[in-house]
Amino acid sequence: MSRFRVLIIDDEEELAATLVERLAYRDIEAEYAVDGGTALEKISVRQYDVVVLDLKLPGISGQEVLQRLKDQYPYLPVVLITGHGTPNGHENDKSESAYNIIPKPIGLDALIELMEAAIKNHE
Amino acid sequence: MLEQSGRECFGSLTASMSHELNNVISIIDQNIGLLNDLLSAGNDPVVIERSRFEKVLTRLAAQAERGSALVKLLNTFAHSVDADGRGVNLADVASLSQSLWKRIAEMRRVEIKNFPAQGLAEFPDLPYKAIWALFLALRTATEKCPSGSTIIVKINKTAEGSVIIVETPMEKDVDIAASTELVNLMNCLRGDLRIRQETGYLIQELHFYRRE
């Protein structure tokens, strides 16, 4: 039985697919979407415990996806991925949702910790 | 103001490339992690399914190649401020700009296409300044065109020098005023910017003149 279910939203498919594989080794059920439209569609038909979202997405931007998630699924925890070395510049993203930010390259253990903390905060 | 525009061009293009490189490193990092997971999952001697191992190797090789191409691109861009006394071929500038713009264009869901150059079109200054001028024209283009558009870049030799033509599909009633930064830069380069609207396209022509 999996510990929780996560949707990874990142346009780098090789990265998302590898993360999904690695999370499976840790009993975490993961799926991925490479754009915002597909992600929102997936979220509308399946329940996830947490979403991991890259802020830089083609088409519907990560910020826009985040806004829609906040509006439509306020209880769904979100962990943000940023390509910047530090989370600087995303201070405005902090809100009542209390989501977390992880820089790329992603440390898997740190990501799992953040996801677990985000889920716990939303319980 | 012109200096700030130059910094913006440099900042946007290098940020885009560093973001790409970060993605390459991330994929390599995760696939090394995956190999470790595969090793840790089995007993001694370790047996890894051949197809899984090959998949990871293929990913690593592809990212090494992608990273190498990005570093080469970054290096060419870095050297675009060097004056080596040779003439600057605008077709090379267009090709370099197309690569530099790849990620930015993808993010905005547009495509930039270069047409083969008509004759050897030379630019009378540092390559960076041509990249900068084209950056400003492409920035205007990507801001004005609808998502899914293809922006065409043409390079031509003219009787007086050379021209870069940027053709952008646009919806009606879009403001076609030139960006102030591009006007200032073209003045500084002693060039000439001509903008017009033609059957659903915004046409930006950047004319450069030979210097005696």
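Sequence lines set the chain letters: A, B, ... in the order given, protein chains first and strands last, and positions in each chain run from 1.
Among residues 192-200 of chain B, no residue has any heavy atom closer than 4.5 Å to a heavy atom of chain A.
With a 6.0 Å radius and a threshold of 12 heavy atoms from other residues, nucleotides or ligands, A:E41 has its CD atom at or below the threshold. Counting non-hydrogen atoms of other residues, nucleotides and ligands closer than 6.0 Å to CD of A:E64 gives a total above 12. Annotation: A:K42, atom NZ; neighbour count of heavy atoms from other residues, nucleotides and ligands within 6.0 Å is above 12.
If you measure heavy-atom distances from B:R108 to chain A, you find no contacts under 4.5 Å at all. With a threshold of 4.5 angstrom between heavy atoms, A:D11 approaches chain B through side-chain atoms but not through N, CA, C or O. Residue B:E106 touches chain A through its backbone alone, counting heavy-atom pairs closer than 4.5 Å.
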Given B:L185 and B:S5, is the side-chain contact (heavy atoms from CB on, under 4.5 Å) satisfied, shown in steps?
CA-CA 9 Å; B:L185 178 60; B:S5 154; 5.9 Å; no

A:E29 and A:F4: CA distance, side-chain angles, deciding distance, side-chain contact (heavy atoms from CB on, under 4.5 Å) verdict
CA-CA 6 Å; A:E29 189 183 343; A:F4 56 86; over 6 Å; no

Kindly determine whether B:W101 and B:F135 satisfy ring pair (Phe, Tyr, Trp, His ring centres under 6.0 Å), including the steps that lead there.
CA-CA 8 Å; B:W101 266 82; B:F135 171 85; 5.5 Å; yes

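Using a 30° and 60° split on the angle between ring planes, B:F208 and B:F123 fall in the perpendicular class, above 60°. Ring geometry for B:F77 against B:Y128 counts as tilted: the plane angle lies between 30° and 60°, on a 0 to 90° scale.
Interface remark: of the candidates B:L38, B:N31, B:I25, B:N31 forms the most heavy-atom pairs closer than 4.5 Å to chain A. No other option in B:S18, B:A41, B:A62, B:S26 has as many heavy-atom pairs under 4.5 Å with chain A as B:S26.
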